[in-house]
> 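Okay, here's the structure, questions in a sec.
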Amino acid sequence: MKIATWNINSIRARMEHLLVWLRETNPDVVLLQETKVTDDQFPTEPIEDLGYNLAVHGQKSYNGVAILSKSPIEDITMGLPGNGDDSQARYIEAVIHNVRVASIYVPNGQEVRSEKFQYKLNFLDHLYNHVKQLLTYEEAFVLGGDYNIAFTDQDVYDPEHRRERILCSTPEREALRKTLYLGLTDGLRAMHPLGTPKGQELYTWWDYRAGSWQNNQGFRIDHLLLSPQAADRLQGADVDRDVRGQEKASDHAPVWCEV
DNA sequence: ATGGTAGGGATCCTA
């Protein structure tokens, strides 16, 4: 089962990219973030024509998550449990073929110590509690998404420049590591131990600004986090880096794993 | 410290 996560930065702006990538890479499950569209406006038909079922949780202009799957999608949950009746569409969870999956769009946080940063930490706290609950089921699960956090300095092009700034600060890293250390596996890193050659770093996001892509100034902030039962079956994982180099690309590249 | 780009949709917000 090939499970991919991709922040597409608007489903409507990226529809052709998505369809080409689906045809070329043929994932079984796709976890999308930043669809930026209400559910009634979601362009479902061209995706269904490729044989995918859909579960969408969107809103106008911002955020929005979705699950695409060739197999039936069961037990759909919208919204991060415990996060109240949140107006921000950042979490959708479902069960596919006895594997629980989630598409997660962790708040960016904008600036450390800002109000938005506090919202990010609160979200991560709720995610921690929810993962703790999920682990009690002792099932295979894969939580994919744009976590907006680079776990370590090896996941950042210029860690000194980014020291204690957003995506890299200690409070957000600690908040996400706390969840990881409950017993999850960072799927991509598990398949690519530290020490990748220059130019082949596992970055997943390159800012549109300042020629970040051209200069390979990237970050690894999109992750696939696996439960022990899923990690035991992990066969491979990688970044579809070439996607980022296309015309009118999303600023994120897809990340996938095979379980 | 600033500003660089993109998307949505409204003349600015979010990333």
Side-chain angles (χ1 to χ4, degrees), chain A residues 5-21 31-44 46 56-66 80 83 86-92 103-124 127 144-151 155-169 171-173 175-176 203-223 239 241-255:
Chain A
T5 180
W6 189 13
N7 179 323
I8 47 168
N9 187 19
S10 169
I11 183 77
R12 287 178 291 191
R14 222 68 60 201
M15 200 55 184
E16 287 312 309
H17 293 78
L18 175 64
L19 295 174
V20 168
W21 174 78
L31 310 166
L32 296 176
Q33 301 87 38
E34 280 210 89
T35 53
K36 292 187 172 179
V37 72
T38 52
D39 295 352
D40 59 309
Q41 299 274 312
F42 197 104
T44 55
V56 298
H57 177 44
Q59 67 181 89
K60 193 179 171 188
S61 309
Y62 305 114
N63 311 313
V65 285
L80 179 59
N83 207 28
D86 195 345
S87 60
Q88 301 190 24
R90 296 178 175 276
Y91 189 95
I92 186 167
S103 178
I104 310 175
Y105 180 41
V106 173
N108 171 282
Q110 206 159 62
E111 196 99 48
V112 177
R113 283 178 295 274
S114 68
E115 208 170 290
K116 290 195 173 72
F117 186 71
Q118 193 53 51
Y119 183 82
K120 181 179 198 173
L121 294 181
N122 289 344
F123 185 95
L124 291 166
L127 183 63
D146 175 1
Y147 285 79
N148 267 315
I149 296 170
F151 279 114
D155 300 321
V156 183
Y157 75 97
D158 184 354
E160 284 313 321
H161 178 242
R162 299 294 307 187
R163 188 70 61 209
E164 294 309 327
R165 293 172 67 184
I166 205 68
L167 314 182
C168 304
S169 75
E172 59 196 294
R173 278 182 170 171
L176 186 56
Y203 302 148
T204 66
W205 174 72
W206 297 258
D207 202 309
Y208 284 124
R209 297 166 291 190
S212 299
W213 168 250
Q214 289 76 10
N215 300 312
N216 194 28
Q217 296 174 335
F219 296 72
R220 190 172 75 94
I221 57 174
D222 300 86
H223 307 296
V239 182
R241 191 189 168 95
D242 294 349
V243 171
R244 180 61 179 85
Q246 296 171 339
E247 281 292 308
K248 296 294 249 170
S250 164
D251 44 354
H252 295 254
V255 181

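Residue numbers start from 1 in every chain, and the chains themselves are labelled A, B, ... in the order their sequence lines are given, proteins ahead of strands.
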> Reckon A:K36 has a side-chain N or O less than 4.0 Å from the OP1 or OP2 of B:dA6?
no
> Mind listing the N/O atom pairs, protein and nucleotides 1-5 of chain B, below 3.5 Å?
residue: B:dG4; atom: O6; partner: A:R209; partner atom: NH1; Å: 3.2
residue: B:dT5; atom: O4'; partner: A:Y208; partner atom: O; Å: 3.4

> Enumerate the protein-to-nucleotides 10-13 of chain B contacts in which both atoms are nitrogen or oxygen and the separation is below 3.5 Å.
residue: B:dA10; atom: OP1; partner: A:K60; partner atom: NZ; Å: 3.3

> Find which nucleotide of DNA chain B each of A:R14 and A:N148 is nearest to by heavy atoms, and output the residue with the more 5' nucleotide.
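Counting from the 5' end, the first nearest nucleotide belongs to A:R14.
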> Which sits closer to the 5' end of DNA chain B, A:Q88 or A:I11, going by the nucleotide each is nearest to?
A:I11
> Begin with the C-alpha distance, continue with both residues' side-chain angles, and end with the deciding distance and a verdict on side-chain contact (heavy atoms from CB on, under 4.5 Å) for A:Q88 and A:Y119.
CA-CA 11 Å; A:Q88 301 190 24; A:Y119 183 82; 3.6 Å; yes
> Only counting residues at least two apart or in another chain, list the ones meeting salt bridge (Lys or Arg N to Asp or Glu O under 4.0 Å) with A:D207.
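With neighbours one apart ignored, the set is A:R209.
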> Side chains of A:K120 and A:N108: donor-acceptor distance under 3.5 Å anywhere?
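Short answer, no.
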> Figure out the CD/P separation between A:E16 and B:dG7, and round it to whole Å.
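Checked: the CD to P distance equals 15 Å.
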> Looking only at side-chain N and O atoms, does A:R90 come under 4.0 Å of OP1 or OP2 in B:dT14?
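Result: no.
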> Roughly, in whole Å, what's the span from CG in A:D146 to P in B:dT14?
16 Å
> C1' atom, B:dT11 versus B:dG7: distance in rounded Å?
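15 Å, rounded to whole Å.
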> Would you mind reading off the distance between A:E34 atom CD and B:dG7 atom P, rounded to a whole angstrom?
11 Å
> For A:E247, check side-chain contact (heavy atoms from CB on, under 4.5 Å) against everything at least two apart and list the hits.
none
> Using the P atom as the reference point in each nucleotide, state the distance between B:dT14 and B:dG9 in Å, no decimals.
14 Å
> Counting only heavy atoms not in A:E111, do more than 12 fall under 6.0 Å of its CD?
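It does not: A:E111 CD has 12 such atoms or fewer within range.
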> Return the value, rounded to whole Å, for the distance between atom CG of A:L167 and atom P of B:dT14.
16 Å
> Starting at atom CD1 of A:I166, determine the distance to atom P of B:dT14, rounded to an integer number of angstrom.
14 Å
> In a check of salt bridge (charged side-chain N to carboxylate O under 4.0 Å, His left out) between A:D155 and each of A:R220, A:R173, A:R162, which one passes?
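Among the candidates, only A:R220 passes.
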> Grab the CD1-P distance between A:I8 and B:dA6 for me, whole Å please.
18 Å
> For atom C1', what is the distance between B:dG4 and B:dA15, given to the nearest Å?
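Nearest-Å result for B:dG4 against B:dA15 at atom C1': 13 Å.
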> In whole angstrom, what separates A:Q59's CD from B:dG7's P?
18 Å
> Report the residues that fulfil salt bridge (Lys or Arg N to Asp or Glu O under 4.0 Å) with A:E115, sequence neighbours left out, ordered by chain and then residue number.
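Here no residue qualifies.
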> How far apart are the closest heavy atoms of A:Y91 and A:L80, and which atoms are they?
CB-N, 3.5 Å
> Applying salt bridge (Lys or Arg N to Asp or Glu O under 4.0 Å), name anything that partners A:R90, two or more places apart in sequence or on another chain.
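Testing A:R90 for salt bridge (Lys or Arg N to Asp or Glu O under 4.0 Å), a comparison that skips the adjacent residues, returns none.
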> Expressed in angstrom and rounded to an integer, what is the separation of A:N63 atom CG from B:dT14 atom C1'?
9 Å
> State whether a side-chain donor-acceptor pair under 3.5 Å links A:S169 with A:E172.
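A:E172 and A:S169 do have a side-chain donor-acceptor pair below 3.5 Å.
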